[in-house]
Amino acid sequence: MHRIHTVAAYAATVLLLSLLLILSSCTSTEPRLISAAPIAKVAHRGGSLLAPENTLAAFQRGIDEGADAIELDVHLSADGRLIVMHDPSLFRTTAHEGYIGDWIALDLQSLDARASYRGDAAYPVEHVPTLEQVLALVERQERSVALQVEIKTDQKGRRYEGIEEAVVNALRLHGLIEETIIISFDFPTLLRVREIEPSLKLGALVNRAYLESIGMGGPAAVAASIADLGVEYVAINYAYLSQRLFDEFRSRGLLIGAWTVNNEKDIRRIAAMGVDFITSDRPDLLSELLD
Ligand code: G3P
Ligand code: CA
């Protein structure tokens with residue numbers, strides 16, 4: 001009698017568990033995008049598929065599309081001003097010959113930065129902005145907007161003399177130290193920023209060249225070399241972010257971002273890993289998928 005009861009109870013439990021399993025598989029559709037912590041949405045160059053990259057129009061558009069942060073690139077002009085542009089060369093985005101470091105800021109600011117823009121929306125002339133102008137735009141917003149300021153090197157890969165001090169001073173002037181992460185592929189630049197302003201958060205950028213330079217060491221060696229810098233963030237080209245590398249970064253306490261993720265499938269895959277931020281040229285798509 002006792003044995004019959006036990007078998008019946010076992011069968012009932014199996015039936016109940018099977019039912020629960022079927023029910024849960026029916027209700028789940030796409031993988032959940034929002035993990036325990038929210039994923040910050042970062043508008044790459046303001047959102048360069050929606051507006052001319054690294055312009056005031058792009059940054060406002062990225063903010064209007066709901067980005068938590070805007071990402072921008074800075075160089076130093078011949079007269080020591082911070083210029084927001086991706087390439088050290090003027091050609092791709094302004095159709096002018098020459099390099100940022102050879103021009104004075106006033107002349108650079110007169111250039112139209114729409115030459116590389118291929119998006120649908122029409123924009124009137126969009127001048128090359130200074131970092132000061134972008135920070136003023138961020139200050140004017142009704143909500144708090146974070147910044148990822150990428151400090152670039154010149155056309156020969158050399159650090160611009162004094163660029164780190166200039167960036168820190170500008171951020172201090174606008175009271176935006178806390179809202180900002182300084183990012184760079186050039187790690188000595190990051191270490192210099194830390195010397196000047198230890199409270200600034202830093203992010204090491206990782207691309208294919210860096211991964212190749214670490215050679216055969218694999219994910220553990222890559223993660224160890226980034227963690228040794230003492231930075232808070234690592235931001236990697238999403239094409240190289242494997243689960244194994246993600247886990248190695250996390251095990252060393254790093255916060256993780258991925259760039260530049262522009263389509264739904266990849267945004268879903270990267271978000272499901274549990275990254276801390278995603279950088280995209282489509283801040284509208286980030287809002288659609290992550291909010
Ligand atoms: O946010 C990182 C990403 O901007 C790095 O690549 O070439 O677009 O500056 P790049
Ligand atoms: Ca950048």
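Heads up: numbering here begins at 1 and tracks the sequence. Whatever order the structure lists ligands and atoms in, that order sets their numbers, starting from 1.
- Neither the backbone nor the side chain of Q148 comes within contact range of ligand 1; no heavy atom lies under 4.0 Å.
- Heavy-atom contacts of R45 reach the following atoms of ligand 1: 7 (O), 8 (O), 10 (P) (cutoff under 4.0 Å).
- The shortest distance between side-chain heavy atoms of E165 and I196 falls below 4.5 Å.
- With a 4.0 Å heavy-atom cut-off, ligand 1 is reached by the side chain of L205 but not by its N, CA, C or O.
- Within the 3.5 Å criterion, the main-chain N or O of E248 finds a donor-acceptor partner in the side chain of R252.
- Close N/O approach between T279 and ligand 1 is not found [any backbone or side-chain N/O within under 3.5 Å].
- Taking distances strictly below 3.0 Å, the protein N/O/S atoms close to the Ca ion (ligand 2) are E71 OE2, D73 OD1, E150 OE1.
- Ring centroid separation for the pair Y240 and Y210 does not come in under the 6.0 Å cut-off.
- Taking atom 10 (P) of ligand 1 as the reference point, the nearest protein heavy-atom neighbour is H86 NE2, 3.2 Å.
- Scanning the protein for heavy atoms near atom 1 (O) of ligand 1, the closest one is E71 OE2, 3.2 Å.
- Scanning both residues, K41 and D291, for their nearest heavy atoms gives NZ-OD1, 2.9 Å.
- The two atoms that bring M273 and S242 nearest to each other are CE-C, 3.8 Å, heavy atoms only.
- Listed by number with element, the atoms of ligand 1 under 4.0 angstrom from any heavy atom of K152 are 7 (O), 9 (O), 10 (P).
- Enclosure of atom CG in L106 is not indicated, since only 12 or fewer non-hydrogen atoms of other residues, nucleotides or ligands lie within 6.0 angstrom.
- A donor atom on one side chain and an acceptor atom on the other are not found under 3.5 Å apart for Q109 and H127.
- At a cut-off of 3.5 Å, with distance as the only test, a side-chain donor of E132 or H174 sits close to an acceptor on the other residue.
- Here is the list of ligand 1 atoms found below 4.0 Å of a heavy atom in F185: 5 (C), 6 (O).
- Within the listing of ligand 1, atoms 1 (O) sit less than 4.0 angstrom from a heavy atom of I183.
- With a heavy-atom cut-off of 4.0 Å, T260 does not touch ligand 1 at all.
- Taking the six-membered ring where tryptophan is involved, the planes of Y233 and F277 are tilted, since the angle between them lies from 30° to 60°.
- Taking the six-membered ring where the residue is Trp, the centroids of F91 and H96 are separated by 6.0 Å or more.
- With a 4.0 Å cut-off on non-hydrogen atoms, D73 touches ligand 1 through its side chain and not its backbone.
- More than 12 heavy atoms of other residues, nucleotides or ligands lie within 6.0 Å of CD in Q141, so this atom counts as buried by the packing criterion.
- For the pair E150 and ligand 1, the shortest N or O to N or O distance falls below 3.5 Å.
- No side-chain donor from either of D281 and T260 sits under 3.5 Å from a side-chain acceptor of the other.
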